[in-house]
Amino acid sequence: MAAFLIFFLFISTFCLATTTAQQNHPNISLGSSLTPTGNSSTWLSRSGLFAFGFYKQGNGYVVGIFLAGIPQRTLVWIANRDSPNFSSNVSLVLSGDDGRLVLRQTGKRDLPIANPSESISSASMLDSGNFVLYNSKRMVIWQSFDHPTNTLLPGQKLVANQDLISSASETDDSKGIFRLVMQGDGNLVQYPTGIPRVQDAYWTSGTSGSGPNITLNIEDDGHLFLINSSVNIIVNLTIGGYPSDKIINLMKIDVDGIFRLYSIHLDRGNQSIRWESTNNKCDPKGLCGLNGFCTVNDTEVYCKCLPGFDFVDQGNWRSGCERNFTAESCKTKGSDKFAIRHEHYTVWDRDSYDEFDTKTEEDCANACLQDCNCEVAFFKDQRCEKQKLPLRFGKRSTDSNVALVKVGILGSTDSNIALPKSSNKEVRKDILVSGILFFVFGILILSTAVIFVYRNQIWGYTKIPPNIYVKFVEDVAPRTFTFLELEQATNEFKEELGRGAFGTVYKGILPNSQKVVAVKRLERVLATEGEKEFQNEIIVIGKTHHRNLVRLLGYCLDGNRRLLVYEYMSNGSLADILFKQESHPCWDERIRIACDIARGILYLHEECETQIIHCDIKPQNILMDDNRCAKISDFGLSKLLNHDQTRTYTAVRGTRGYVAPEWHRKLPVTVKADVYSFGIVLLEIICCRKSVDWSTSEDQAILEEWAYDCYEAGEIHKLVGDEEVVDMRKLERMIKIAIWCIQDEPTLRPSMKKVLLMLEGTVEIPIPPSPTSFLSAV
Ligand SMILES: *[C@@H]1O[C@H](CO)[C@@H](O)[C@H](O)[C@H]1NC(C)=O
Ligand SMILES: *[C@@H]1O[C@H](CO)[C@@H](O)[C@H](O)[C@H]1NC(C)=O
Ligand SMILES: *[C@@H]1O[C@H](CO)[C@@H](O)[C@H](O)[C@H]1NC(C)=O
Ligand SMILES: *[C@@H]1O[C@H](CO)[C@@H](O)[C@H](O)[C@H]1NC(C)=O
Ligand SMILES: *[C@@H]1O[C@H](CO)[C@@H](O)[C@H](O)[C@H]1NC(C)=O
Ligand SMILES: *[C@@H]1O[C@H](CO)[C@@H](O)[C@H](O)[C@H]1NC(C)=O
Ligand SMILES: *[C@@H]1O[C@H](CO)[C@@H](O)[C@H](O)[C@H]1NC(C)=O
Ligand SMILES: *[C@@H]1O[C@H](CO)[C@@H](O)[C@H](O)[C@H]1NC(C)=O
Ligand SMILES: *[C@@H]1O[C@H](CO)[C@@H](O)[C@H](O)[C@H]1NC(C)=O
Ligand SMILES: *[C@@H]1O[C@H](CO)[C@@H](O)[C@H](O)[C@H]1NC(C)=O
């Protein structure tokens, strides 16, 4: 086999060498141009199989490479994927003046189609489907094969950190909602686009840890495989051997999120699927929009809404679903306004804020009815998980999970409402159909599985062990400690971890459990002087359970000494990792951290029993646990301690730091003050620098101003270091979200829920105004 591979390598090197030496393909010289409707709209490869140029899409054109030699033209590469379709009065020019390949539109700036580092001397459309640009020494300086879009052609490879992104629809080749990533860890993984989270992967090759420079390759005969830098096959996705005479085999990630190997017959134009990453069309996550779940009848895939929900956009089953009733506040009306409806056999993305063991489905349903924050609960294997809307990534499954959905009781005539164990006939039919499908595809799935099964990694993605969720007993109040106990635990307050506005933090070890803890000794005068009030506040804080909040384990109330005992965070604070050159987290990790923080704040604002405004969101108050998961600390303390301490925050030379402007204007402080602080922290996370830094030039010193200036000037790339690999579209999204958050006018700032949806890429982000443009009268 090694011999074969070396031979293959030799052949491919040889081919590469010959393509550069031989002139057996049309030579596109400087000054050549194309127009969509003129005599020449494309440059053909020698055999006429592939064409580079204008491709009609809807009533406009895109620039790309397509199979021109077959009756049904098929795009295999798209330039400037997210620019709008071009009208017929544009031209594509290989400019002789400056050696660039640009799209020329009258009255507009030239739009570069490729960005080689040197100036171009000629170009060529090769018969392999590769469009190549050469310099004056006829060396390849750019090739379309290095910039894959949604298709991989024989000879092309997907290298580490490259991805293929599906098209938006069959008739629109701008970026869609699914991606296939060749990860740096050697794993080939499919995700929904947006923030990559390990648990959102819906397919993986299971080759994590197999080496750094793994590539995905495809050969003429349809052999699709992963290979490492010393030419060892890591895994075969297909074994190949498909006919390649008059047939082209190619791989493509389709609009539906599944990637497939196709054989296309060049004369007849017919095509067939040789292999696909899954035969369950509901596997790709995100097909259905929020609160909808994916289901299959026969071979049709479509989405349904949760009971009590309708499609946001009636004609479009992918639009997601919303409640068909107005949720009244149950705080005033009581739980009799709501009922529970059941949706059996569905699985969802789980993001519970509370979970506990319980015997029956009814108990779980009742727990949800009685909890104002609960909008849906999942019951499975005697475990009940309470969750907020929206629900994500739902699909029909044989899993015994039940979704218990809280619906308004008014206006409903459904008699089986609120009756547990109601089994809906329609549901049964669905199950039967999916059951049959399951059986039919079972064997196929099995054979695919055999390839992967001993590579245990794959299961790590699909099955999240329940114990990664924070477990706790309901309503446990934090325990009390005596001062002596804490003095011993901290070895007489020896090891200081940090010093904050509220007091000093020491490391300690609880004698009984040997648990490492952080003990905060409150130093300032307390606003809530009385012991009873202090205890009440502590109970509020102690009842908050969320994976992005630091847990309060206990407290000590001894004379006028007040101490709080928290879980210990081993990786320090966000400030430690963000502002030190050596430890900058990478871009993807930074986005994840921002989402973690947003989730924690959202919980404080909307999901815990008593609304908590943090009032002091800043990197020093965000701690990192063993897994570098961000957790917010010090929440609840601003109420416990004197508010005015936060108010007297001395601003640096007229800047505001993290403190929202309303603090200075004696306006009522709302949750939107935290949104402001989050916006500043988000900018710091994006740029890995402090919000105020006078060591830089004057115009850059105040981050929020510099960021807006860069955004307005279309120069956001200046905000991140040159050496960093950052997706510019994601960067722009992040900057826009941050600018919305730091609006001076609190009502313009989005809610934390909206912020999170924007961060996750679920909703569109409008263009933000200048933060100071709507300054309310002081
Ligand atoms: C192709 O273009 C290069 C550079 O413009 C030129 O040197 C060469 O002679 C051309 N070859 C043919 C066959 O036209
Ligand atoms: C198209 O080709 C015809 C004949 O070769 C020529 O007369 C005409 O000017 C060309 N049109 C354009 C727009 O180049
Ligand atoms: C291009 O045209 C198609 C068909 O008219 C349309 O669906 C699509 O949204 C357009 N794409 C862009 C980016 O304008
Ligand atoms: C090009 O076409 C667009 C849309 O059809 C139109 O708005 C624009 O004015 C045209 N430009 C020229 C120079 O004809
Ligand atoms: C992986 O590829 C990069 C870039 O080509 C290279 O710098 C690095 O040395 C390679 N690593 C290994 C282990 O081959
Ligand atoms: C490639 O894979 C083979 C077999 O799995 C392994 O022995 C070899 O060390 C790997 N090479 C690199 C550069 O990782
Ligand atoms: C992959 O397939 C090739 C033949 O196409 C075979 O020689 C090789 O042993 C296979 N490798 C693995 C890891 O299955
Ligand atoms: C195309 O159709 C012919 C006859 O209908 C069939 O034999 C052939 O396998 C098909 N080819 C592909 C690639 O689907
Ligand atoms: C499958 O569902 C689609 C969409 O709801 C519907 O149009 C179609 O008739 C259904 N097919 C069958 C066989 O039930
Ligand atoms: C909401 O939808 C359910 C079906 O899912 C229906 O029974 C109920 O009457 C609807 N309620 C309103 C107010 O439209």
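In listed order, ligands and their atoms are each counted from 1. Quick note: residue numbers are just sequence positions, from 1.
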Worksheet item: Would you call Ser41 and Leu34 a side-chain contact if the rule is heavy atoms closer than 4.5 Å?
Response: no
Worksheet entry | Steps toward salt bridge (charged side-chain N to carboxylate O under 4.0 Å, His left out) verdict (Asp82, Arg729) | CA-CA 10 Å; Asp82 283 319; Arg729 290 197 320 143; 3.3 Å; yes
Worksheet entry | Proximal ligand 7 atoms for Ile239, defined as those under 4.0 Å from one of its heavy atoms |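 Near Ile239, the atoms of ligand 7 are 5 (O).
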Discussion item. Under a 4.0 angstrom heavy-atom cut-off, which atoms of ligand 7 come close to His223?
Written reply: 2 (O), 5 (O)
Worksheet item: Short list, please: which atoms of ligand 8 are under 4.0 Å from a heavy atom of Arg268?
Response: 3 (C)
Response to the item:
Ser272 heavy atoms within 4.0 Å reach ligand 8 at atoms 12 (C), 13 (C), 14 (O)
Fill in: Min N/O separation Ser263 to ligand 8 under 3.5 Å
no
Worksheet item: Can you name the closest pair of heavy atoms from Ile165 and Asn150 and give their distance?
Response: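 Heavy-atom minimum between the residues: O-CB, 3.2 Å.
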Worksheet entry | Heavy-atom closest pair, residues Asp146 and Gln162 |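 Where Asp146 meets Gln162 most closely, the heavy atoms are O-NE2, 2.9 Å.
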Discussion item. Below 4.0 Å from ligand 7: does a non-hydrogen atom of Val235 turn up there or not?
Written reply: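 It does not; every heavy atom stays at 4.0 Å or beyond.
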Practice prompt. Please say whether the positively charged group of Lys56, taken as NZ for Lys or CZ for Arg, lies over the ring of Tyr61, i.e. under 6.0 angstrom from the six-membered ring centre and within 45 degrees of the axis.
Written response: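 Yes, Lys56 sits over the ring of Tyr61.
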Item to complete: Let me see the working for Val63 and Asn80 under side chain to side chain contact (heavy atoms under 4.5 Å, CB included), right down to the final yes or no.
Response: CA-CA 8 Å; Val63 172; Asn80 300 54; over 6 Å; no
Fill in: Carboxylate-amine/guanidinium proximity below 4.0 Å for Asp283 and Lys395
yes
Practice prompt. Report yes if some N/O of Ser229 lies less than 3.5 Å from some N/O of ligand 6; otherwise report no.
Written response: no
Worksheet item: Looking at atom 7 (O) of ligand 8, is any protein heavy atom nearer than 4.0 Å to it?
Response: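 So far as the 4.0 Å threshold goes, atom 7 (O) of ligand 8 is out of reach of every protein heavy atom.
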Which residue from [options] reaches closest to [atom] through any of its heavy atoms?
atom                    : options                        : answer
atom 14 (O) of ligand 6 : Asn228, Ile214, Thr207, Asn213 : Asn228
atom 3 (C) of ligand 8  : Asn249, Asp267, Asn270         : Asn270
atom 10 (C) of ligand 7 : Asp221, Thr238, Asn236         : Asn236

Worksheet item: Of all the heavy atoms in Ser230, does at least one lie under 4.0 Å from an atom in ligand 6?
Response: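 Within the 4.0 Å threshold, so yes.
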Worksheet item: Is the SG of Cys294 found under 2.5 Å away from the SG of Cys288?
Response: no
